[in-house]
Amino acid sequence: MVGICDANNFYISCERVFNPALNGRPAVVLSNNDRCIIARSNEAKAIGLKMGQPIYQVRDTLRTYNVALCSPNFPLYQDMSDRMQAILKRFAPTIVYSIDEAFLDFRGFDPGKLDALGHTISRTVRHSTGLPVSIGIAPTKTLAKIASKLCKKYPKLNGCCLMHKAEDIEKVLKKFPVGDVWGIGPRYEKMLNAAGVNTAYDFTQMPPQWVRKKMSVVGLRTWKELRGEPCIEIDEIAPDKQHICTSRSFPSEVSDFDMLHTAVASFTATCAEKLRRQKSVCGELYVFIYTDWHKEQSQSFERRIVKLVTPTDSTLELTAMAADALRQIYRSGFGYKKAGVILGDISPRTGVQVSLFDPIDRGKHSRLMSVMDDLNRKQGRGTVGVAAGRHKLLETVHEHLSRQFTTDINDILKVKAKD
DNA sequence: TCTGGGGTCCTAGGACCC
DNA sequence: TCTGGGGTCCTAGGACCC
């Protein structure tokens, strides 16, 4: 048996832990620059606010229902996530799946005791972190996901839903919309509905050859999992990333080369930091800049891939190459709305083949980088860097930011004694 | 006026090789 | 009229996840 522990409305719940005034009212967390909705409380869902919806489209609703707005506070969410995962690990081998979810490996556990254990875990996380979670337990990961969704829908389940008897599972699947199944997105949902497949149960009754043909081996795995055959493996040790990306939309259009350069340099530095954290090097650097694609008039979507002779993790080298690439794709007269950097062709740092006429002192670079990473880790991000300064106009706007309640000593809540 | 920011895997088709 | 066959690698595009 396998379990999934999924935090309910995770970002919102994190905000609520430190700001109880948000309880019971519609609240949303916004994307960078407070542009669109990326998380919603149940109350916000109930009044029809949608994931990814731009704020300007729902101004009236926000006002009418007095919706609380929160700018994204990712350091807080990550810290709360770490706390949740630490608690889960006390009960069963845990595989972190995303910031708000983890799988629990219940193989070898007594199935008769799992319901009670699941409830204990749910209660413990709630008490120790303040986060409400939904735990689903079933023979496969896909079924466990369904169980955890039931948990959210039916509060009387009290934070844990165990699904293991074949007839119970069948009963659930017959009512479960196929589009809500993990692994079936909007495209496949449409295709399946058109073929008369509306519930998860309908899907399990389709011939495997048909599923394979229409949805490839990925769809077939989902089909098998729904029929109780585990076949989605998730690695215990998070594999190294194959691509590392940093990109942002700008608060307003940017047409000045130096400003773009500053942005691209800082994205590259962030990417390189992530790369060094996983002890890898990259062999490829990709830089892109977009104009606003919503506008009718002429657009520009430019990108350049640079292949490296010798793979590297040096911010110095990468920022220099990114600047060259940017110089090649930049065109004056355009207002750019978004830019980004992607590192690819990633491999472990050990075993780098240095080319014969390598002009770079790699030892020196790597000593410099590790001093830099160290300082940034201890003194906070952005303490030292090689980026070309900062521009006020590029800074992300966060009008409704909560404080760093758990990670900054100055922001820790103070308890006042009543006299 | 205004639309997020990360990732994964799979497949088909073209280039190229022998 | 007739136009090999098998393999690899790369890329773009399409689907999905949170």
Side-chain angles (χ1 to χ4, degrees), chain A residues 4-12 28-40 49-60 62 70-72 74 77-78 81 96-103 141-142 145 148-149 178-192 211-222 225 231-235 238-253 267 270-271 274-275 278 283-284 286 288 290-297 303 305 307 335 337-346 396-399:
Chain A
I4 174 118
C5 173
D6 191 336
N8 306 348
N9 311 327
F10 181 62
Y11 294 171
I12 297 289
V28 296
V29 173
L30 307 173
S31 64
N32 279 325
N33 301 313
D34 298 337
R35 276 226 187 81
C36 60
I37 296 172
I38 61 167
R40 303 158 295 158
L49 293 172
K50 300 270 179 272
M51 187 75 173
Q53 201 164 31
I55 291 302
Y56 76 92
Q57 283 178 2
V58 291
R59 290 248 181 255
D60 290 345
L62 298 179
C70 307
S71 299
F74 294 111
Y77 310 150
Q78 186 59 58
S81 173
V96 176
Y97 177 64
S98 73
I99 192 160
D100 67 334
E101 282 170 290
F103 285 103
K141 297 189 174 76
T142 306
K145 278 277 210 179
S148 94
K149 285 200 179 182
V178 72
D180 291 351
V181 171
W182 187 43
I184 297 180
R187 297 293 173 101
Y188 282 151
E189 179 184 24
K190 213 171 146 198
M191 183 277 290
L192 288 168
V211 175
R212 166 71 237 244
K213 196 168 141 230
K214 295 280 190 179
M215 303 166 69
S216 88
V217 298
V218 182
L220 193 59
R221 279 203 284 265
T222 300
E225 285 246 327
C231 51
I232 297 180
E233 283 309 319
I234 288 167
D235 283 324
D240 286 343
K241 303 227 183 299
Q242 299 174 31
H243 294 99
I244 290 175
C245 173
T246 305
S247 72
R248 290 287 177 279
S249 299
F250 301 129
S252 55
E253 291 188 353
F267 299 156
T270 306
C271 281
K274 295 182 196 169
L275 186 67
Q278 69 167 41
E284 209 176 79
Y286 179 105
F288 62 85
Y290 303 166
T291 55
D292 193 339
W293 50 276
H294 302 97
K295 288 195 180 159
E296 297 277 321
Q297 69 257 43
R303 65 260 216 229
I305 299 179
K307 308 255 183 202
K337 203 56 190 135
K338 180 171 180 173
V341 171
I342 302 172
L343 304 181
D345 189 15
I346 290 176
T396 307
V397 181
H398 286 156
E399 295 268 356

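Reminder, nothing fancy here: chain letters follow the sequence lines and each chain counts from 1.
For the pair A:Arg35 and B:dG4, the criterion of a side-chain N or O lying under 4.0 Å from OP1 or OP2 is not met. For A:Arg248 and B:dG6, the shortest distance from a side-chain N or O to OP1 or OP2 is below 4.0 Å. The shortest distance between the side-chain N/O atoms of A:Lys337 and the OP1/OP2 oxygens of B:dT3 is below 4.0 Å. For the OP1/OP2 pair of B:dG6 and a distance below 4.0 Å, the side-chain nitrogens and oxygens of A:Ser247 include at least one atom meeting the criterion. Between A:Ser249 and B:dG5 there is a side-chain N or O to OP1 or OP2 distance below 4.0 Å. Taking 4.0 angstrom as the limit, A:Lys338 places a side-chain polar atom (N or O) nearer than this to OP1 or OP2 of B:dG5.
Heavy-atom nearest nucleotides on DNA chain B were determined for A:Thr246 and for A:Tyr56, and the one closer to the 5' end corresponds to A:Tyr56. Checking A:Ile244 against A:Gly52, the closest nucleotide of DNA chain B that is more toward the 5' end is the one next to A:Gly52.
With P as the reference atom, B:dT3 and C:dC18 are 25 Å apart, rounded to whole Å.
Between the CG atom of A:Leu30 and the P atom of B:dC2 there is a distance of 18 Å, given to the nearest Å. Rounded to whole Å, the distance from CG on A:Asp6 to P on C:dC17 is 13 Å. The nearest whole Å value for the distance from the CD atom in A:Gln57 to the P atom in B:dC2 is 12 Å. Atom-to-atom, CE of A:Met191 to C1' of C:dA15 comes out at 11 Å; the value is rounded to the nearest Å. Rounded to an integer number of Å, the gap from OH of A:Tyr286 to C1' of B:dG5 is 15 Å.
In the model, A:Asn32 has a side-chain atom that pairs as donor or acceptor with a side-chain atom of A:His398 under 3.5 Å. Side-chain contact annotation: A:Lys337 with A:Ser252, donor-acceptor N/O pair under 3.5 Å absent.
Atom SG of residue A:Cys5 and atom CZ of residue A:Phe103 lie 11.0 Å apart, to the nearest 0.5 angstrom.
Looking at A:Asn33, its side chain does come within 3.5 Å of a backbone N or O of A:Val397 through a donor-acceptor pair. Remark: side-chain polar atoms of A:Thr246 are not paired, donor with acceptor, to backbone N or O of A:Thr270 under 3.5 angstrom. Remark: side-chain polar atoms of A:Glu101 are not paired, donor with acceptor, to backbone N or O of A:Asp6 under 3.5 angstrom.
A distance below 6.0 Å separates the ring centres of A:Tyr97 and A:Trp182.
Distances from the side chain of A:Lys274 to the nucleotides B:dC2, B:dG6, B:dG4 place B:dG6 closest. In the set C:dC17, C:dC16, B:dG7, B:dG7 carries the atom at the smallest distance from any side-chain atom of A:Lys241.
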Quick one: which protein N/O atoms are closer than 3.5 Å to N/O atoms of nucleotides 11-14 of chain B? Pair and distance per line, please.
{"residue": "B:dT11", "atom": "OP1", "partner": "A:Arg212", "partner atom": "NH2", "Å": "2.7"}

Collect all protein-nucleotide pairs involving nucleotides 8-10 of chain C in which both atoms are nitrogen or oxygen and the distance is under 3.5 Å.
none

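Checked against side-chain hydrogen bond (donor to acceptor under 3.5 Å, both in side chains), A:Ser71 has the following partners two or more places apart in sequence or in another chain: A:Asp34. Partners of A:Gln78 according to the side-chain hydrogen bond (donor to acceptor under 3.5 Å, both in side chains) rule, which considers only residues two or more places apart in sequence or in another chain, are A:Asp82. Residues satisfying the side-chain hydrogen bond (donor to acceptor under 3.5 Å, both in side chains) test with A:Lys338, not counting sequence neighbours, are none.
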Could you write out DNA chain B as dot-bracket? Rules: Watson-Crick or G-U wobble, both distances under 3.5 Å, brackets [ ] for crossings, | for pairs with another strand, dot for unpaired. ....||||||||||||||

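Of the charged side-chain nitrogens involved, at least one lies within less than 4.0 Å of a carboxylate oxygen, so that A:Glu284 and A:Lys307 count as a salt-bridged pair. Ionic pairing of A:Arg221 and A:Glu233 is not present here: no N-O contact between side-chain nitrogen and carboxylate oxygen is shorter than 4.0 angstrom.
If you check every strand for non-hydrogen atoms under 4.0 Å, A:Pro186 touches sugar and phosphate atoms only. Looking at heavy-atom distances under 4.0 Å, A:Asn33 makes no contact with the nucleic acid at all.
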